[in-house]
Amino acid sequence: MTASHFPTLLSPLTVGAHTLRNRTLMGSMHTRLETMDHAAERLAAFYAERARGQAALIVTGGYAPNPAGVIDPGSPVLMTEAQADALRPVPPAVHAEGGKILLQVLHTGRSARIAQPLGASARPSPINRAVPRALATDEVWQTIEDYVHCARLAHHAGFDGVEIMGSEGYLINQFAVTRTNDRSDAFGGSEENRHRLAVEIVRRTRAALGPGFLVMYRISALDLVEGGASADEIARLARAVEAAGADILNTGIGWHEARIPTIAYVVPRAAWSFAAARVKRAVTIPVIVSNRINMPQVAEELLARGDADMVSMARPFLADAAFVQKAATGRADEINTCIACNQACLDYIFSERPATCLVNPRAGREWEFDRLPAPAVRRRVAVVGAGAAGLACALAAAHAGHDVTLFEAGADIGGQLNLARAVPGKEEFGELLRYFRTGIARAGVTVRLGCRARADDLAGFERVVVACGVTARTPDLPGIDAPGVIGYADLLSGRARAGRRVAVIGAGGIGFDVAEFLLSDPAAAADPVARFHAEWGVDTAPASAGGLAPEQAPRPAREVTLLQRKPEKPGRSLGMTTGWALKATLARRGLKTLSGCAYQRIEAAGAGLRLHLAVGGVPQALEVDTIVVCAGQESAGALAAELAARGIDAPVIGGARHAAELDALRAIDEGTRTALAL
């Protein structure tokens with residue numbers, strides 16, 4: 001697609017006293033870069049690269065206005081001039097690339113993972129063990145002043161403005177709804193009182209900083225919790241915040257404690273645009289739409305039909321800092337698309353690691369990557385295997401200036417990526433494959449398909465990288481070769497089909513993906529947003545408090561039983577921020593699980609199969625039509641051994657090095673770093 005396909009997205013927008021070069025916002029996200037060594041340099045490099053890629057406006061991760069507002073101990077606060085001075089390198093780095101940047105002011109309230117969190121009331125959060133103490137009235141007024149002081153310090157540090165975080169169930173949002181506000185003072189009871197905290201913060205920030213300072217308020221456009229706000233309440237809050245002096249409204253979707261996922265891969269693209277559109281109809285200032293918008297054509301459609309004036313994309317700018325630049329220069333097919341996996345961003349953050357990106361290992365590591373030496377010599381490089389690791393290595397090596405040949409034994413590139421994208425909800429892996437396919441073609445990589453390279457084929461290459469991937473492990477089980485027993489690769493590739501009653505051997509990530517594949521209704525893809533809203537219980541009616549409706553469980557097409565050797569509950573290895581949603585989906589669709597399984601034998605039983613096993617020592621026999629084997633993988637190590645026997649030093653990466661699950665995160669990181677070290 002060319003730039004002419006995105007005329008609205010790429011058009012300028014006036015926001016308060018500022019003119020933005022296009023309609024894109026890099027939304028706030030927690031990165032933990034703020035707490036690393038050389039924090040200012042890392043942040044400057046991180047945000048400047050997005051501005052260089054033509055992001056119009058950037059919002060930092062959240063800075064607490066006082067110690068009680070932090071996410072957890074050690075999270076960033078902005079309370080002193082010294083702390084502001086430490087941030088001074090960041091805004092000029094963004095301004096030099098033509099962008100603008102806001103600092104987000106965030107008080108987490110009862111969500112703070114500290115010994116004594118503070119909230120609107122003493123009602124505990126279901127996702128925080130610490131019971132909050134209700135802020136006294138004078139403490140609320142002081143908190144308002146703390147917000148204003150933080151904004152002054154942001155101005156002192158050179159930021160163009162602030163985003164006042166009023167969504168996702170954080171402090172301001174907690175004051176706004178009856179779910180978390182049972183106060184009887186000036187900040188509780190009536191709707192006007194519950195909105196007072198937000199309005200006073202905006203009003204006083206505007207008065208203190210003047211019209212040239214950009215004030216963005218992030219409003220919860222859809223709470224997705226019981227006791228949340230209706231659309232009319234949200235509209236009234238939006239108008240009150242506008243009247244108080246906000247220049248622009250960003251929209252947040254869902255509280256972190258909501259039972260409904262909002263940004264995981266199970267959420268269809270643009271599933272929440274209806275909520276932003278309602279806010280836009282309520283006010284005259286610009287409104288930003290957010291959540292699961294990851295390609296320019298999606299953003300253009302939302303803007304062109306009037307749902308919003310601007311589009312917020314946080315993780316898509318992790319995946320590709322040059323997102324806008326590529327769209328503007330007719331190279332949208334080169335965009336490295338966010339696949340909403342959360343593996344290296346949110347999962348890392350919640351496990352106290354700095355964020356990066358599965359599809360872009362450079363993200364959050366720009367300062368380190370920029371310090372790597374450029375290759376001194378152009379070399380002839382062979383990469384063997386065109387799965388995730390091999391593709392990443394070949395593309396990075398070609399971009400570094402090497403002459404690269406990519407060998408692939410199969411008929412097409414992609415390897416296990418082709419299996420991942422067959423899983424319902426993981427179709428975005430197809431975008432990753434499109435990115436690699438386009439990238440290696442334009443970088444001049446020579447691709448030799450249907451070629452199982454041996455050592456003799458690699459003579460003449462100066463460097464060889466082995467990325468041959470994995471082969472599925474076949475368990476030593478009597479009857480494993482019976483008709484009706486199939487491997488996960490055959491199922492997901494379409495080479496084999498499953499019957500109505502299915503047993504899945506193996507409850508790792510692949511086993512759960514296979515269960516999702518088996519229990520999904522192919523017809524539901526016709527309207528994925530409507531299906532998602534119905535299945536998860538999202539009420540799009542304006543009068544709905546919190547936007548909740550009863551869940552509508554679909555009728556499963558099959559009976560599926562997931563089997564696991566370990567005696568623990570299945571699914572513990574799934575992603576921290578996505579696994580719960582997958583397990584909830586499969587539970588609604590009737591998935592059965594058995595742990596502590598000892599497999600004994602498989603035998604024919606009429607037109608089907610009988611799987612004999614012991615569960616917790618108790619013998620059982622499952623009558624099924626199909627058994628799908630997901631019993632792990634083994635490295636395809638023949639070539640590596642052959643090269644080693646000849647004394648050829650060849651790095652081994654991805655599944656060929658370590659046959660874990662479909663670990664694209666590790667594979668792409670290893671492939672990229674290996675290429676840069678050639």
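The shown structure was predicted, so the numbers you read here are calculated from the model rather than taken from an experiment.
- Using a 4.5 Å heavy-atom threshold, the side chains of E163 and L103 count as separate.
- Using modelled atom types and a 3.5 Å distance limit, the side chains of E300 and T8 yield a donor-acceptor pair.
- The shortest distance between side-chain heavy atoms of T24 and L57 does not fall below 4.5 Å.
- E233 places no side-chain N or O within donor-acceptor distance of the main-chain N or O of A545, the cut-off being under 3.5 Å.
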- [ ] Report the C-alpha separation of D320 and R315 in whole Å, then their side-chain angles, then the decisive distance to 0.1 Å, and conclude whether the salt bridge (Lys or Arg N to Asp or Glu O under 4.0 Å) test is met.
- [x] CA-CA 9 Å; D320 198 330; R315 295 173 304 163; over 6 Å; no
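- Separating the CZ atom in R588 from the CD atom in Q552 is a distance of 11.0 Å, to the nearest 0.5 Å.
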Open item on the list: Could you go through E428 and T337, starting from their C-alpha distance and side-chain angles, then the distance that decides it, and tell me whether this counts as side chain to side chain donor-acceptor pair (under 3.5 Å)?
Closed with: CA-CA 8 Å; E428 300 284 17; T337 304; over 6 Å; no
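- Side chain of N360 to main chain of L318: a donor-acceptor pair is present (N/O by atom type, distance under 3.5 Å, no hydrogens or angles).
- Within 6.0 Å of NE2 in H155 there are 12 or fewer heavy atoms belonging to other residues, nucleotides or ligands.
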TODO: Take F187 and I144 through the test side chain to side chain contact (heavy atoms under 4.5 Å, CB included) and record every step on the way to the result.
DONE: CA-CA 12 Å; F187 295 94; I144 293 169; 4.1 Å; yes
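- Residues A154 and L78 share a closest heavy-atom pair of N-CD2, 3.9 Å.
- Within the 4.5 Å cutoff, the side chain of P542 has no heavy atoms near those of the S230 side chain.
- Put simply, the side chain of T262 never gets that close to the backbone of G254: no donor and acceptor are under 3.5 Å apart.
- Rounding to the nearest 0.5 Å places CZ of F323 at 4.5 Å from CD1 of I335.
- Although no hydrogens or angles enter the test, the distance criterion places no donor-acceptor pair under 3.5 Å between the side chain of R23 and the main chain of M310.
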Task: ring-ring contact (aromatic ring centres under 6.0 Å, His included) between H533 and F274, intermediate numbers included - done: CA-CA 12 Å; H533 288 164; F274 73 92; 5.5 Å; yes
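- Within the 4.5 Å cutoff, side-chain heavy atoms of V225 are placed close to those of E257.
- Considering every non-hydrogen atom in both F213 and D247, the closest pair reads O-OD2, 3.5 Å.
- The pair R152-E145 does not meet the salt-bridge criterion, since no charged nitrogen lies less than 4.0 angstrom from a carboxylate oxygen.
- With hydrogens and angles disregarded, a donor-acceptor distance shorter than 3.5 Å links the side chain of D223 to the backbone of A229.
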Open item on the list: If you apply the rule side chain to side chain contact (heavy atoms under 4.5 Å, CB included), what do you find for N66 with H107, and how did you get there?
Closed with: CA-CA 8 Å; N66 58 41; H107 192 304; 3.4 Å; yes
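- A distance-only check finds no donor-acceptor pair linking the side chain of R133 to the backbone of L118 [under 3.5 Å].
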- [ ] Before giving the answer on salt bridge (Lys or Arg N to Asp or Glu O under 4.0 Å), spell out for K280 and D307 the whole-Å C-alpha distance, their side-chain angles and the decisive distance to 0.1 Å.
- [x] CA-CA 7 Å; K280 178 172 169 54; D307 285 2; over 6 Å; no
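- Rounding to the nearest 0.5 Å gives a distance of 9.5 Å between OG of S121 and CG of L135.
- At a threshold of 4.0 Å, the pair E200-R204 counts as salt-bridged, since one of the basic side-chain nitrogens sits closer than that to a carboxylate oxygen.
- N291 has its side chain out of reach of T251: every pair of non-hydrogen atoms, C-beta onward, lies at least 4.5 Å apart.
- By the 4.0 Å N-to-carboxylate-O rule, E97 lies too far from R50 to be salt-bridged with it.
- The line from NE2 of H195 to CG of N181 is 10.0 Å long, rounded to the nearest 0.5 Å.
- In this structure, A308 and I288 approach most closely via the heavy-atom pair CB-C, 4.2 Å.
- At least one donor-acceptor pair closer than 3.5 Å links the side chain of N294 to the backbone N or O of C338.
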Task: R218 and E168: CA distance, side-chain angles, deciding distance, salt bridge (Lys or Arg N to Asp or Glu O under 4.0 Å) verdict - done: CA-CA 9 Å; R218 185 162 175 180; E168 266 74 14; 3.3 Å; yes
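- In terms of heavy atoms, A134 sits closest to A120 at CB-O, 3.8 Å.
- Counting only heavy atoms from C-beta outward, the side chains of L197 and V140 approach each other to under 4.5 Å.
- With respect to the salt-bridge test (charged N to carboxylate O, under 4.0 angstrom), the residues E366 and R42 do not qualify.
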TODO: List the steps, then state whether side chain to side chain contact (heavy atoms under 4.5 Å, CB included) holds for C150 with M79.
DONE: CA-CA 6 Å; C150 188; M79 297 173 58; over 6 Å; no
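- Note that CG of L222 and OG of S167 are 11.5 Å apart. Values are rounded to the nearest 0.5 Å.
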Open item on the list: Between R269 and E431, does the salt bridge (Lys or Arg N to Asp or Glu O under 4.0 Å) criterion hold? Intermediate values first, please.
Closed with: CA-CA 13 Å; R269 293 178 178 181; E431 298 285 7; 2.8 Å; yes
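- At a threshold of 4.5 Å between non-hydrogen side-chain atoms, the residues N250 and Y217 do not count as touching.
- If you take OH on Y348 and CD on Q343, they are separated by 8.5 Å, rounding to the nearest 0.5 Å.
- Inspection of the S75 and R113 side chains reveals no N or O donor paired with an N or O acceptor under 3.5 Å.
- Of the possible donor and acceptor atoms, none in the side chain of S312 sits under 3.5 Å from a partner among the backbone N and O of S290.
- Between the Q174 side chain and the R110 main chain, a donor and an acceptor come within less than 3.5 Å of each other.
- R236 and E191 are joined by a salt bridge, as a carboxylate oxygen and a charged side-chain nitrogen come within less than 4.0 angstrom of each other.
- Nearest heavy-atom pair across S351 and M576 is CB-CE, 4.1 Å.
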- [ ] Could you walk me through whether I71 and L106 pass side chain to side chain contact (heavy atoms under 4.5 Å, CB included), step by step?
- [x] CA-CA 9 Å; I71 298 170; L106 165 67; 4.3 Å; yes
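- Of all non-hydrogen atoms in V70 and A64, the two that sit nearest each other are N-CB, 3.7 Å.
- In this structure the side chain of S111 never reaches within 4.5 angstrom of the side chain of H256, judged on heavy atoms.
- Taking the six-membered ring where tryptophan is involved, the planes of W536 and W580 are perpendicular, since the angle between them exceeds 60° and thus also 30°.
- A side-chain donor-acceptor contact under 3.5 Å links D146 and Q142.
- No cation-pi contact links R194 to F175, judged by a cut-off of 6.0 Å to the six-membered ring centre and 45° from its axis.
- E139 contributes a side-chain N or O that, together with a main-chain N or O of A136, makes up a donor-acceptor pair within less than 3.5 Å.
- Side-chain contact of N342 with T578: a donor-acceptor pair under 3.5 Å is absent, judged by distance alone.
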